[in-house]
Student: 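Okay, handing you the structure first.
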Amino acid sequence: MSNHTESLKEVGQSIPRKESRYKVTGQTEYTHHVKLPGMLIGKIFRSTVAHGKIISIDTSQAKSYPGVFAVYTSEDIKTIIPDPYYGPAFLDQPILAIGKVHFVGEPVAIVLAEDPHIAENAAQLIIAEYEELPAVYDEVEAMTSDVVVHDELKPSGTFPDLKHLHGKKNTNIALDYHLKRGNPQEFFDSADHVFEHTYHTQQVMHTPLEQMVSVADAKHDKITIYTASQSPSFVRLEIARLLGWRENQIRVKVPHLGGGFGAKLYIKLEALVVATSMLTKRPVKISLTMEEQFYTITKHPTTFKIKSAVSKDGKILARKCDVYWNGGAYADIGPRVTQKSGFTAAGPYDIDHVEIESYALYTNRPPSGALRGFGIPQLVWAYESHTDEIARSLKIDPLEIRRKNILKEGRPQATGTLMKGAEIEKVLESVADKIGWDKPFDKGTGVIRRGRGIAVAFKAAVAPTTSTAIVTINADGSCILSMSSVDMGQASDTSMAQIVAEVLGVKTNAVKVSNPDTDMTPYDMATLGSRSVYHMGKAVKLAAEDAKNRLEKMAQDLKMTEPYHFRDVFVKHYGMQAGTIVGFGSFIPTYTSPDKKDGSTLNATPFWMAGATGVEVSIDTETGHIIIDRLINVVDCGNPINPEVVQTQISGGSIMQLGFSLTEKMNLDSGQVTNASFADYKIPGFNDIPFVIENEAVQAYQIDGPFGAKGVGESATFGVSPAIANAIEDAVGVRINELPMTPELIFMAMRKAQKKS
């Protein structure tokens with residue numbers, strides 16, 4: 001790797017984040033700060049039933065409440081948008097409920113007033129009458145239930161990898177992905193051992209501390225949207241489609257985000273603020289409360305049934321995976337999660353005979369979509385717990401069974417795509433070394449018992465997706481990077497500026513990065529799935545190279561020889577400090593759609609991510625209380641653009657997954673979330689952080705990445721949950737197969753094991 005990086009000056013340096021000073025001094029601009037003349041505030045009236053026909057909506061008291069400007073239902077929305085349905089996979093979600101409600105919390109009406117308290121009070125005066133219908137909440141039950149959430153499905157056709165969607169009538173299946181390689185059944189019939197287990201994950205929410213917020217200012221032939229969004233280009237595209245307008249009539253502006261994690265992707269509030277601004281002819285702002293976010297988008301609950309045929313010495317011969325994804329009432333991007341993550345369900349192992357069934361299912365829960373990891377943590381929870389169960393049953397060391405089966409460089413993954421550029425072995429061995437796997441371990445005596453566990457995983461990047469960038473060199477030699485990638489705390493602005501600086505031979509602080517503004521910054525599919533450094537990074541590098549080539553051509557034409565200052569070239573060419581040079585870069589990776597018959601493809605992903613986790617735990621056998629003594633995270637992110645940022649990304653991802661592993665769960669009662677607040681929904685606090693966190697990005701180089709880099713935002717989320725479960729079994733001898741692993745669950749499992757013994 002040193003040959004690739006030894007001459008780099010800006011890339012590979014831990015340069016302070018560009019926005020850090022503004023954030024710590026309270027000067028950073030967020031969408032919540034937007035105030036426009038005559039602006040109205042919207043408060044949403046939501047469904048109280050999980051599934052039902054709307055009989056009537058009485059808005060009379062709300063309309064007559066002093067200070068209320070307007071109250072709207074879907075009938076009003078349809079006067080300006082006749083077909084007001086949106087969604088990245090299916091056009092299944094109405095701006096306000098039409099005819100039916102599909103989950104508790106679905107927006108039914110909206111109240112607008114200049115004072116948010118007036119709007120909120122008036123919204124409570126709306127009365128809706130429903131004819132309640134039977135509801136389905138469980139993803140496995142939804143496969144065969146007589147309750148059908150949607151009578152008709154209309155594919156959006158937006159993304160190339162989802163153009164094959166059609167949905168299945170009279171079922172709750174939004175997408176079913178099937179992969180078949182070899183003949184698994186033959187080995188299930190003949191293998192020395194067959195292991196079969198089922199694992200569950202719970203519904204959780206992203207909980208970004210900056211709640212979702214959008215503002216629309218509609219004029220007669222143009223609309224400006226200010227929004228906390230991870231996908232401004234998609235917002236423009238979808239709003240233009242809804243209205244039948246040109247894209248250049250829609251302007252979307254995004255400042256820094258106070259967290260996103262997938263919650264702020266695609267359309268969330270934007271369609272509603274646009275419609276109401278058009279109706280009122282005034283700017284409209286909607287800011288959700290933390291509670292309302294629980295009814296907007298969540299992480300897929302899953303059921304994963306996994307079956308493996310294994311030889312006496314621990315070689316995995318065949319594997320069957322059935323994964324059921326609970327998509328809630330609206331598909332959002334769930335079908336992509338089901339397919340893109342589904343094909344990795346067999347794990348980072350070399351298995352010749354694999355069968356995978358992955359189903360995206362509608363239920364009457366709040367919608368599910370992208371959340372840090374894009375489905376991978378749910379899968380790893382199952383297959384890495386399963387791997388340990390196999391090892392313990394066969395009395396094989398958990399590390400050794402992974403070594404025996406790990407997918408090596410150049411070998412085909414289950415789809416047939418060759419594994420290239422993923423340091424799976426290296427991250428596994430590093431975790432084992434850091435945790436001292438081969439050294440004696442004190443497992444404790446008496447009440448407190450100790451254990452340790454490991455897990456290893458990989459992820460395919462979403463493809464195909466497009467990124468474009470513009471680099472401008474000004475006449476004084478300063479530079480501006482224009483792109484629509486959104487900095488939501490992951491320091492993408494800083495990393496991209498480092499790439500520009502490296503290409504142009506300037507300092508990173510000489511590169512200004514423009515906030516996304518679709519009138520000014522070029523297209524990017526979205527900031528998601530750890531794709532930005534690889535996809536946008538390549539586009540940015542190409543744009544900077546294009547600008548550099550144009551400048552060098554100008555200098556050559558002027559017969560100038562290096563070294564020269566950029567400013568000198570402009571002055572000599574224009575006769576004064578004037579003019580600009582603009583470079584453009586565009587990147588879209590190659591991709592081959594899965595075969596319709598067997599789900600195979602030789603080109604499933606532009607790059608692979610790899611991560612491994614090791615943990616040491618202490619458990620109080622009298623209460624089930626668990627303490628994470630050590631948390632070790634090792635990832636392959638290629639060559640880090642900014643090493644210090646990578647370290648914080650690793651810590652942040654692992655701690656977020658720690659919450660999903662131990663404490664976080666949305667509790668539902670007949671579809672109603674009963675703990676939709678930080679008082680009852682427990683994200684990790686300072687006292688929940690492990691005593692020791694060790695992070696490492698292994699030495700690696702992504703050969704086709706910008707300066708050898710690739711994404712890292714999700715890599716440390718993969719193995720946290722199963723590593724903890726494996727450590728729990730190592731400590732107290734019980735296997736937990738559902739999340740979160742609460743003290744109560746651990747305690748009950750220990751008591752159940754004691755009764756059996």
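Counting begins at 1 with the first residue of the sequence.
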Student: If I compare all heavy atoms of Pro589 with all of Thr465, which pair ends up nearest, and what's the gap?
Tutor: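 Pro589 and Thr465 have their closest heavy atoms at CD-O, 3.2 Å.
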Student: For residues Gly369 and Asp332, report the shortest heavy-atom separation together with the two atoms involved.
Tutor: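 In this case the closest contact between Gly369 and Asp332 is CA-OD2, 3.8 Å.
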Student: Starting from the C-alpha separation in whole Å, work towards a yes-or-no answer on side chain to side chain contact (heavy atoms under 4.5 Å, CB included) for Tyr86 and Lys268.
Tutor: CA-CA 10 Å; Tyr86 61 89; Lys268 292 298 179 282; over 6 Å; no
Student: Where the side chain of Gln230 meets the backbone of Lys264, is there a donor-acceptor pair that is under 3.5 Å apart?
Tutor: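 A pair under 3.5 Å: yes.
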Student: Between Tyr295 and Glu106, is there a side-chain donor-acceptor contact under 3.5 Å, judged purely by atom types and distance?
Tutor: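 There is no such pair between these side chains.
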Student: Just how far is it from atom NZ of Lys596 to atom CG of Asp598, taken to the nearest 0.5 Å?
Tutor: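 Reported value, rounded in 0.5 Å steps: 13.0 Å.
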Student: Once you round to the nearest 0.5 Å, how far does CG of Leu658 lie from OG1 of Thr717?
Tutor: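 If we round to the nearest 0.5 Å, Leu658:CG and Thr717:OG1 are 12.0 Å apart.
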Student: Hey, are Ser467 and Arg531 close enough side-chain-wise for a donor-acceptor pair under 3.5 Å?
Tutor: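 Yes - a donor-acceptor pair under 3.5 Å links their side chains.
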Student: Just how far is it from atom OG1 of Thr663 to atom NZ of Lys665, taken to the nearest 0.5 Å?
Tutor: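 Thr663 atom OG1 to Lys665 atom NZ measures 12.5 Å (nearest 0.5 Å).
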Student: Looking at side-chain heavy atoms only, is the closest gap between Pro594 and Thr415 below 4.5 Å?
Tutor: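 Heavy-atom side-chain distance check fails, nothing below 4.5 Å.
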Student: Would you check if the side chain of Thr417 reaches a backbone N or O of Thr601 as a donor-acceptor pair within less than 3.5 Å?
Tutor: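 Checking the backbone N and O of Thr601 against the side chain of Thr417, a donor-acceptor pair under 3.5 Å is found.
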Student: Taking everything shown except Lys320 itself, do over 12 heavy atoms lie less than 6.0 Å from its NZ?
Tutor: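 Yes, because the 6.0 Å sphere around NZ of Lys320 holds more than 12 heavy atoms from other groups.
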Student: Would you please classify the geometry between the Phe159 ring and the Phe234 ring as parallel, tilted or perpendicular, with 30° and 60° separating the classes?
Tutor: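 Plane angle under 30°, so parallel.
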Student: Measuring only between side-chain heavy atoms, which start at C-beta, is Met741 closer than 4.5 Å to Ser661?
Tutor: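 Heavy-atom side-chain distance check passes, below 4.5 Å.
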Student: Say whether, by atom type as modelled, one donor and one acceptor occur between the side chain of Thr592 and the main chain of Leu602 under 3.5 angstrom.
Tutor: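 No, Thr592 side chain to Leu602 backbone: no donor-acceptor pair under 3.5 Å.
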Student: Indicate the atoms forming the closest heavy-atom contact of Ser485 with Ser532, along with that distance.
Tutor: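 Taking every non-hydrogen atom into account, OG-OG, 4.1 Å.
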Student: Between Tyr681 and Met290, is the side chain to side chain contact (heavy atoms under 4.5 Å, CB included) condition met? List the steps.
Tutor: CA-CA 11 Å; Tyr681 181 90; Met290 182 58 70; over 6 Å; no
Student: Hey, could you give me the CD1/CG distance between Ile173 and Leu361, rounded to the nearest 0.5 Å?
Tutor: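 Atom-to-atom, Ile173:CD1 and Leu361:CG are 6.0 Å apart.
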Student: Is the backbone of Gly653 close enough, under 3.5 Å, to the side chain of Glu714 for a donor and an acceptor to pair up by distance?
Tutor: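 A pair under 3.5 Å: no.
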Student: How long is the span from the CD atom in Gln93 to the NE2 atom in His150, to the nearest 0.5 Å?
Tutor: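 Answer for the CD-NE2 pair, Gln93 versus His150, is 8.5 Å.
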Student: Please confirm whether the backbone N or O of Lys305 pairs with a side-chain atom of Asp322, one donor and one acceptor, at under 3.5 Å?
Tutor: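 Checking the backbone N and O of Lys305 against the side chain of Asp322, no donor-acceptor pair under 3.5 Å is found.
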Student: Using modelled atom types and a 3.5 Å cut-off, is there a donor and acceptor pairing between side-chain atoms of Ser495 and backbone atoms of Ser492?
Tutor: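 Between the backbone of Ser492 and the side chain of Ser495 there is no qualifying donor-acceptor contact (under 3.5 Å).
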Student: Determine whether the side chains of Thr201 and Thr302 contain a donor N or O and an acceptor N or O closer than 3.5 Å.
Tutor: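 There is such a pair (donor and acceptor under 3.5 Å, judged by atom type) between the side chains of Thr201 and Thr302.
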Student: Within the distance-only criterion (no hydrogens, no angle test), does the side chain of Asn172 pair as donor or acceptor with the backbone N or O of Val147 below 3.5 angstrom?
Tutor: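 Flag set: sc Asn172 to bb Val147 pair under 3.5 Å.
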Student: What's the verdict on ring pair (Phe, Tyr, Trp, His ring centres under 6.0 Å) for Phe587 and Tyr534, showing C-alpha distance, side-chain angles and the deciding distance?
Tutor: CA-CA 10 Å; Phe587 176 71; Tyr534 181 88; 5.8 Å; yes
Student: For Ile724 and Ile736, run side chain to side chain contact (heavy atoms under 4.5 Å, CB included): C-alpha distance rounded to whole Å, both residues' side-chain angles, the deciding distance at 0.1 Å, then the answer.
Tutor: CA-CA 10 Å; Ile724 293 172; Ile736 306 298; over 6 Å; no
Student: I'd like to know if Asp595 and Lys180 make a salt bridge, using a cut-off of under 4.0 Å between side-chain N and carboxylate O.
Tutor: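 Salt bridge absent between Asp595 and Lys180.
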Student: Would you indicate whether the side-chain heavy atoms of Asn726 and Pro398 approach each other to under 4.5 Å?
Tutor: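 Side-chain contact under 4.5 Å: no.
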Student: Is the distance between the ring centroids of Phe304 and Tyr199 under 6.0 Å?
Tutor: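 When the ring centroids of Tyr199 and Phe304 are compared, they turn out to be at least 6.0 Å apart.
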Student: Kindly confirm or rule out a cation-pi arrangement of Lys154 over Tyr85, judged by NZ or CZ under 6.0 Å from the six-membered ring centre and within 45° of its axis?
Tutor: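 Verdict for Tyr85: no cation-pi partner in Lys154.
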Student: Can Ser308 and His386 be counted as having a side-chain donor-acceptor contact under 3.5 angstrom?
Tutor: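 There is such a pair between these side chains.
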Student: Checking Asp636 against Lys710 for the side chain to side chain contact (heavy atoms under 4.5 Å, CB included) test, could you report, in this order, the C-alpha distance in whole Å, the side-chain angles of both residues, the deciding distance, and whether it holds?
Tutor: CA-CA 9 Å; Asp636 165 22; Lys710 58 184 174 183; 2.9 Å; yes
Student: Counting C-beta onward and ignoring hydrogens, is there a side-chain heavy-atom pair between Ser368 and Trp325 closer than 4.5 Å?
Tutor: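 No. Closest side-chain heavy atoms not under 4.5 Å.
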Student: For residues Met656 and Leu371, determine if any side-chain heavy atom of one lies less than 4.5 Å from a side-chain heavy atom of the other.
Tutor: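 In contact.
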Student: Output yes when a side-chain donor or acceptor of Trp608 lies under 3.5 Å from a complementary backbone atom of Glu423, and no otherwise.
Tutor: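 Here the side-chain-to-backbone pair does not exist.
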Student: Flag the pair Glu270 / Ser229 as yes when at least one side-chain heavy-atom distance between them is below 4.5 Å, and no otherwise.
Tutor: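 A side-chain contact exists here, since the closest heavy-atom pair is under 4.5 Å.
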Student: Quick one: closest heavy-atom pair of Val456 and Glu384, and the distance?
Tutor: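 Looking at all heavy atoms of both residues, the closest pair is N-OE2, 2.8 Å.
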Student: Do the side-chain N and O atoms of Gln657 and Ser721 include a donor-acceptor pair separated by under 3.5 angstrom?
Tutor: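 Side-chain D/A pair, Gln657 to Ser721: present.
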Student: Within the side chain of Glu196, is there an N or O that forms a donor-acceptor pair under 3.5 Å with the backbone of Ile306?
Tutor: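 Side chain of Glu196 to backbone of Ile306, a donor-acceptor pair under 3.5 Å: no, none is there.
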Student: Do Leu269 and Thr227 have side-chain heavy atoms sitting under 4.5 Å apart?
Tutor: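 A side-chain contact is absent here, since even the closest heavy-atom pair is not under 4.5 Å.
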Student: Could you walk me through whether Asp161 and Arg336 pass salt bridge (charged side-chain N to carboxylate O under 4.0 Å, His left out), step by step?
Tutor: CA-CA 8 Å; Asp161 59 315; Arg336 178 181 272 170; 2.8 Å; yes
Student: Please confirm whether Tyr330 and Phe90 have ring centers closer than 6.0 angstrom.
Tutor: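 No, they do not, as the ring centres are separated by 6.0 Å or more.
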Student: State, with a plain yes or no, whether a side-chain heavy atom of Leu668 is found less than 4.5 Å away from one of Phe294.
Tutor: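 Leu668 does not reach Phe294 side chain to side chain.
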Student: Rounded to the nearest 0.5 Å, what separation is found between the NE2 atom of His51 and the CZ atom of Arg365?
Tutor: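 His51 atom NE2 to Arg365 atom CZ measures 15.5 Å (nearest 0.5 Å).
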Student: Going by atom types only, do Asn326 and Thr363 share a side-chain donor-acceptor pair under 3.5 Å?
Tutor: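 Yes, a side-chain donor-acceptor pair sits under 3.5 Å.
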Student: Indicate yes or no for a side-chain donor-acceptor contact from Lys538 to the backbone of Asp704 under 3.5 Å, with no hydrogens or angles considered.
Tutor: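 Checked: pair present.
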Student: Distance alone, cut at 3.5 Å: any donor-acceptor contact between the side chains of Ser651 and Asn695?
Tutor: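 There is such a pair between these side chains.
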Student: On a heavy-atom basis, which atom in Leu209 and which in Phe678 lie closest, and how many Å separate them?
Tutor: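 Closest heavy-atom pair between Leu209 and Phe678: CD2-CE1, 3.8 Å.
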Student: Could you tell me whether Asp388 and Arg402 have a side-chain N and a carboxylate O separated by less than 4.0 Å?
Tutor: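 A salt bridge links Asp388 with Arg402.
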Student: Phe374 and Lys340: which non-hydrogen atoms are nearest, and at how many Å?
Tutor: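 Result for this residue pair: CE2-CB, 4.3 Å.
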Student: Side chains of His300 and Gln378: donor-acceptor distance under 3.5 Å anywhere?
Tutor: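 Note: His300 and Gln378 side chains miss the donor-acceptor criterion.
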